[in-house]
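Notes to accompany the following structure.
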2 protein chains.
Amino acid sequence: MTKRIKVVQFGVGPVGAGIVRLASGKPGIKIVGAIDLKNVGMDLGDVAGLESKLGVKISNDPEAVLKKTRPDAVLLATGSVLKNIFPQIQVVLEAGVNIVSTCEELSYPFLKQPALAARIDRLAKKNGVTVLSTGVNPGFLMDAWPLFMTGVCQNIKKIRAVRIQDATPRRLPFQKKIGAGLGLDDFEHLVKSGTIRHVGLAESIGMISAGLGWKLEKITEDIEPVIAEKDIRSRHILIKAGHAAGVRQTAQGIVAGREAITLEFEAHIGAANPYDAVYIDGTPPLEAVIKGGVHGDLATTAMLVNSLPRVIQAAPGLLTMKDMPPAFTFPGQDLG
Amino acid sequence: MTKRIKVVQFGVGPVGAGIVRLASGKPGIKIVGAIDLKNVGMDLGDVAGLESKLGVKISNDPEAVLKKTRPDAVLLATGSVLKNIFPQIQVVLEAGVNIVSTCEELSYPFLKQPALAARIDRLAKKNGVTVLSTGVNPGFLMDAWPLFMTGVCQNIKKIRAVRIQDATPRRLPFQKKIGAGLGLDDFEHLVKSGTIRHVGLAESIGMISAGLGWKLEKITEDIEPVIAEKDIRSRHILIKAGHAAGVRQTAQGIVAGREAITLEFEAHIGAANPYDAVYIDGTPPLEAVIKGGVHGDLATTAMLVNSLPRVIQAAPGLLTMKDMPPAFTFPGQDLG
């Protein structure tokens with residue numbers, strides 16, 4: 001490890017804290033600053049749940065932190081909705097700092113928010129830095145991984161990715177996001193208001209179709225509750241029989257008049273056989289399964305930290321996972 | 001598809017012919033020349049087993065073909081041993097043409113042949129072009145794919161890749177390469193002479209350790225026959241009970257004094273449950289399995305053709321699969 005990567009953590013909620021716990025254990029990374037609206041003045045190690053202090057105080061002044069610390073990259077974990085976090089992105093880019101983000105809508109923003117995407121790309125290029133948004137999904141399981149597996153295929157007719165997730169061990173905000181514990185009326189209400197939804201399926205379809213050179217005609221999406229057949233008790237929530245244990249969400253990408261891309265996302269408490277899978281109807285056909293599935297919280301923080309070297313080396317601009325050399329596990333204490 | 005990629009096929013043996021059959025069906029690729037020592041003057045379509053002619057005659061004069069056709073890339077499928085094909089590489093690079101190669105030893109040549117690797121890298125940079133060697137293995141299943149899957153891991157202790165292959169449907173040269181049908185004395189003799197061996201395990205271990213930032217201390221390799229328990233008849237070969245049905249080859253990468261990388265390659269006629277798998281002992285742990293395995297011949301030609309756009313766009317030099325954005329299925333007639 002020649003030179004340590006200097007990072008600032010922007011957003012120290014549950015995901016941000018997980019990133020900090022991981023990054024602080026990597027000899028090749030030095031956390032030099034932290035930004036959040038909460039816990040201002042507290043030590044980042046304390047807030048992130050580390051056993052020792054990090055000597056980094058949380059600040060609510062992004063410009064001051066970036067100016068003082070001059071990091072190589074900001075790890076941005078403040079929200080899923082791109083327009084809400086755009087001002088933060090702007091501040092970081094104008095400070096001439098690379099961004100690795102968790103923002104789902106930023107993972108492939110060219111379909112739903114082309115103007116904002118173009119603006120971020122221009123800002124990044126103007127300041128000579130790179131923006132990447134990643135995570136486990138979107139960012140890996142339903143876009144980068146399926147695309148990667150197509151490398152061994154001569155031709156493809158259809159591609160399908162499935163993620164069946166047991167939400168039982170996940171953090172409470174995640175369980176709430178999938179509607180676990182709600183009555184069906186409440187569930188439907190929150191679906192209609194846009195509160196219950198996994199963000200990223202449309203973005204993943206966009207990335208896959210672009211990666212394969214397919215002209216995407218339409219994306220359709222469906223969302224429904226997974227209904228508990230009996231009472232289920234998780235660490236955080238009691239789910240009554242007949243109530244929602246979580247969500248089943250599907251998205252279809254229509255190409256040349258037919259369903260060419262299918263994504264099936266299911267996250268509920270008490271899922272018996274979690275797994276992640278990619279099915280390619282092509283030459284040769286391919287069926288790849290991750291037994292037990294990938295642990296979402298651990299994997300998301302891993303993707304953020306592991307992407308740092310690639311983002312720092314990349315050409316300036318707004319990039320997506322399909323444009324980059326893949327990120328590998330960042331060297332640690334043990335073997336690295 | 002804005003501009004067709006112009007390619008020259010160098011080497012029209014079984015693998016090269018497969019590449020030609022695939023590439024000739026892609027609207028985005030135009031085959032403009034072919035080089036081989038055999039079948040000189042014949043039409044490439046006839047030699048590759050296509051139903052119609054391609055209007056491209058096979059030539060044994062590489063310099064003349066490259067000068068006349070000025071391709072974007074050469075698809076080089078002439079051999080596994082780097083020093084044997086180096087003169088061909090040199091001719092192509094000096095003509096200022098990118099190379100996508102099947103040469104196993106070139107997939108990660110920095111450990112076993114650092115001087116030759118450095119020479120190729122210099123030649124490529126001097127001529128402003130890129131060299132990549134790829135395929136299904138090495139090139140994907142035991143290096144690029146395991147590395148890719150580490151992206152969702154926070155830390156890794158060990159990584160293991162397994163390929164159990166049924167050689168029954170493979171072409172005869174492949175069946176001979178794995179010693180199928182030989183008596184055990186003959187098998188051992190050909191192992192000792194280096195004739196029976198899958199080339200690439202050491203290269204894959206080199207790529208994985210480099211990708212993870214691990215300091216590789218040693219590579220060990222073992223090779224033994226898979227012995228037929230009863231008579232087995234394939235399309236090409238009769239294997240008597242007690243004779244070799246194929247090969248079992250393993251390689252271990254030693255890092256920090258312990259076995260951190262394990263590759264297990266098994267190819268024999270009559271393998272009942274072929275599969276490819278990656279097992280990561282890490283946080284989170286990960287077990288990814290491709291059911292039925294990946295069809296080697298189809299996948300190798302796919303990797304070559306699919307890599308063309310990435311290689312043409314890449315920075316000059318000798319690159320490996322770990323350095324590149326992944327290759328995806330090249331758009332075809334259907335949906336592309």
Side-chain angles (χ1 to χ4, degrees), chain A residues 1 22 25 28 134 136 140-141 144-145 147-157 208 211-215 255-256 258 260 276 280 282-292 294-295 298-303 305-307 322-336, chain B residues 1 22 25 28 134 136 140-141 144-145 147-157 208 211-215 255-256 258 260 276 280 282-292 294-295 298-303 305-307 322-336:
Chain A
M1 196 57 47
L22 176 58
T134 187
V136 71
F140 191 86
L141 290 170
W145 181 41
L147 273 175
F148 182 85
M149 299 310 286
T150 73
V152 292
C153 294
Q154 299 194 332
N155 289 289
I156 298 187
K157 285 182 197 152
I208 289 175
L212 294 174
W214 287 357
K215 200 176 162 203
V255 179
R258 60 196 186 78
D276 293 296
I280 298 175
T283 309
L286 190 139
E287 179 177 346
V289 177
I290 300 175
K291 292 183 186 174
V294 174
H295 188 295
L298 294 176
T300 291
T301 57
M303 287 302 297
V305 169
N306 295 342
S307 296
K322 78 171 180 58
D323 312 308
M324 318 261 303
F328 313 136
T329 303
F330 198 99
Q333 311 273 14
D334 262 6
L335 292 168
Chain B
M1 195 59 43
L22 176 58
T134 187
V136 71
F140 191 87
L141 290 170
W145 181 41
L147 272 175
F148 182 84
M149 299 311 284
T150 73
V152 291
C153 295
Q154 300 194 331
N155 289 289
I156 298 186
K157 285 182 200 151
I208 289 176
L212 294 174
W214 287 356
K215 199 175 163 207
V255 180
R258 60 195 186 76
D276 293 296
I280 298 175
T283 309
L286 192 140
E287 178 177 346
V289 177
I290 300 174
K291 293 183 186 174
V294 174
H295 188 295
L298 294 174
T300 291
T301 57
M303 286 302 297
V305 169
N306 295 342
S307 296
K322 78 171 181 57
D323 313 308
M324 317 263 302
F328 313 136
T329 302
F330 198 99
Q333 311 272 15
D334 263 4
L335 293 166

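First the proteins, then the strands, lettered A, B, ... as listed; each starts at 1.
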- Gap separating the CD1 atom of A/Ile290 from the CD1 atom of B/Ile280, nearest 0.5 angstrom: 9.0 Å
- Query: Hey, is the main chain of A/Cys153 close enough, under 3.5 Å, to the side chain of B/Asn306 for a donor-acceptor pair?
  - Reply: yes
- Spell out, as yes or no, whether a donor-acceptor pair under 3.5 Å connects the side chain of A/Gln154 to the backbone of B/Thr301. no
- Item | Heavy-atom pair with the smallest gap, counting every atom of B/Pro326 and A/Phe148 | CB-CD1, 3.6 Å
- Message: Let's test your reading of the structure: which of A/Thr134, A/Asn155, A/Val289 forms the most heavy-atom pairs below 4.5 Å with chain B?
- Response: A/Val289
- Query: Tell me, side chain or backbone of A/Leu22 under 4.5 Å from chain B's heavy atoms, or both, or neither?
  - Reply: side chain
- Roughly how far apart are B/Trp214 CH2 and A/Thr329 OG1, rounded to 0.5 Å? 8.0 Å
- Note on the structure: Looking only at heavy atoms, the pair that brings A/Leu212 and B/Phe328 closest together is CD2-CB, 4.1 Å
- Task: Can you tell which part of A/Met303 gets under 4.5 Å to a heavy atom of chain B, answering side chain, backbone, both or neither?
- Result: both
- Using non-hydrogen atoms and a 4.5 Å limit, figure out which bit of A/Leu298 sits close to chain B: side chain, backbone, both or neither. both
